[in-house]
Participant: 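Okay, handing you the structure first.
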Amino acid sequence: SAFAYEVSVGTFVANPGQRVPVPVQIDTIKGASFVSVRITYDPQILILMKAEQGSLTEVLDRDFVVAGSEQSGSVTISGYGTGNVSSNVGGSLATLIFAVREGTQGLYSDVAVANVKVGEISGVKDLTVAKPVAIQSGMVRVMGTDATVERLENPQTICADSSFAS
């Protein structure tokens with residue numbers, strides 16, 4: 001593809017009171033030693049319970065940082081490696097575990113990729129300048145019936161700058 005980095009979040013269906021695991025995926029982190037993704041969601045519908053380390057933390061093995069406040073509806077997940085990743089490895093940076101608030105049936109929360117930073121070990125280069133980022137944001141739809149938690153395969157790709165105004 002024309003994009004160097006594709007960051008995606010799935011779309012899920014859930015019931016009030018359920019927990020929904022939402023993976024934050026990146027198709028490749030080749031050349032990078034640092035990846036940071038800011039995710040926004042509606043805190044009146046979803047409660048972020050925790051952010052679990054994804055498969056990419058096996059190569060970004062120096063540090064894994066989660067920052068954000070529940071009230072703001074924003075969380076930033078960052079993975080740091082000891083060196084630049086030489087192989088063309090992709091996968092999940094993290095899995096966000098959301099709880100769906102009671103009384104939210106019929107509503108939905110976007111789970112949006114608001115900002116992506118990809119850097120290399122010297123910290124001098126922002127790799128997203130030369131290689132744009134393609135973003136697929138997701139959502140959690142809250143159903144009134146006993147729908148099973150499922151992932152919907154109808155993502156929309158947004159081609160955009162790597163930084164979004166918040």
Side-chain angles (χ1 to χ4, degrees), residues 1 3-12 14 18-43 45-101 109-140 149-151 155 157-158 160-166:
S1 78
F3 298 97
Y5 305 105
E6 286 192 23
V7 180
S8 60
V9 178
T11 290
F12 299 86
Q18 276 186 320
R19 291 197 175 198
V20 187
V22 177
V24 179
Q25 308 266 67
I26 306 178
D27 69 331
T28 181
I29 56 168
K30 185 174 184 179
S33 70
F34 159 76
V35 178
S36 178
V37 178
R38 185 163 69 89
I39 301 290
T40 58
Y41 58 94
D42 186 341
I45 295 173
L46 300 176
I47 304 164
L48 180 62
M49 305 304 285
K50 61 181 171 181
E52 296 176 343
Q53 296 192 23
S55 62
L56 289 177
T57 57
E58 289 171 27
V59 286
L60 298 174
D61 55 0
R62 187 164 61 87
D63 206 1
F64 178 76
V65 180
V66 179
S69 76
E70 201 179 283
Q71 294 76 25
S72 69
S74 171
V75 61
T76 300
I77 313 130
S78 306
Y80 299 83
T82 48
N84 295 332
V85 174
S86 56
S87 59
N88 200 17
V89 62
S92 63
L93 178 62
T95 297
L96 303 176
I97 310 295
F98 289 107
V100 181
R101 290 188 188 273
S109 170
D110 288 317
V111 182
V113 179
N115 187 276
V116 177
K117 295 189 176 97
V118 183
E120 40 79 73
I121 196 73
S122 69
V124 175
K125 268 198 320 202
D126 173 0
L127 297 177
T128 59
V129 172
K131 303 174 181 178
V133 176
I135 283 170
Q136 274 186 4
S137 289
M139 69 170 60
V140 174
V149 176
E150 60 175 328
R151 181 166 185 158
T157 303
I158 304 162
D161 182 33
S162 57
S163 296
F164 280 52
S166 52

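One-based numbering along the sequence shown. None of the values given here were measured: they were computed from a predicted structure.
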Participant: Determine, step by step, whether Thr76 and Val66 satisfy the side chain to side chain contact (heavy atoms under 4.5 Å, CB included) criterion, reporting the C-alpha distance in whole Å, the side-chain angles of both residues, the deciding distance to 0.1 Å, and the verdict.
Facilitator: CA-CA 6 Å; Thr76 300; Val66 179; over 6 Å; no

Participant: As an exercise, state the distance from NZ of Lys117 to CZ of Arg38, rounded to the nearest 0.5 Å.
Facilitator: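 One gets 8.0 Å once the value is rounded to the nearest 0.5 Å.
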
Participant: Report all side-chain donor-acceptor pairs from residues 79-99 shorter than 3.5 Å, counting only partners two or more places apart or in another chain.
Facilitator:
{"unit_1": "Asn84", "atom_1": "OD1", "unit_2": "Ile121", "atom_2": "N", "d": "2.8"}
{"unit_1": "Asn88", "atom_1": "OD1", "unit_2": "Thr28", "atom_2": "OG1", "d": "2.6"}
{"unit_1": "Ser92", "atom_1": "OG", "unit_2": "Ser55", "atom_2": "N", "d": "3.1"}

Participant: Keeping Arg62 on the side-chain end and Phe34 on the backbone end, is there a donor-acceptor pair under 3.5 Å?
Facilitator: no

Participant: Closest heavy-atom contact between Phe12 and Pro23?
Facilitator: CZ-CD, 3.7 Å

Participant: Just grab all the salt bridge (charged side-chain N to carboxylate O under 4.0 Å, His left out) pairs involving residues 46-56, residues at least two apart or on different chains.
Facilitator: Lys50-Glu52

Participant: Can you list the residues that meet the side-chain contact (heavy atoms from CB on, under 4.5 Å) rule with Ser72, with sequence neighbours excluded?
Facilitator: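 Counting only residues at least two positions away or on another chain, Ser72 forms a side-chain contact (heavy atoms from CB on, under 4.5 Å) with Ser69, Ser74.
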
Participant: When you look at Arg101 and Ile45, which way does the side chain to side chain contact (heavy atoms under 4.5 Å, CB included) test go after all the steps?
Facilitator: CA-CA 5 Å; Arg101 290 188 188 273; Ile45 295 173; 5.8 Å; no

Participant: Of all the heavy-atom pairs spanning Tyr41 and Leu46, show the shortest one and how long it is.
Facilitator: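 Reported closest heavy-atom pair: CE1-O, 3.6 Å.
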
Participant: Provide the full list of ring pair (Phe, Tyr, Trp, His ring centres under 6.0 Å) pairs with a residue in residues 51-75, sequence neighbours left out, each pair given once.
Facilitator: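 Those involving residues 51-75 do not exist here.
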
Participant: Among all residues two or more places apart in sequence or in another chain, which pass the side-chain hydrogen bond (donor to acceptor under 3.5 Å, both in side chains) test with Thr57?
Facilitator: Gln53

Participant: Start with the C-alpha gap between Val118 and Ile29, add the side-chain angles, then the distance that decides, and say whether side chain to side chain contact (heavy atoms under 4.5 Å, CB included) holds.
Facilitator: CA-CA 8 Å; Val118 183; Ile29 56 168; 5.8 Å; no

Participant: Does Val113 reach the side chain of Ser137, with side-chain heavy atoms less than 4.5 Å apart?
Facilitator: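 Counting from C-beta outward, Val113 and Ser137 do come under 4.5 Å.
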
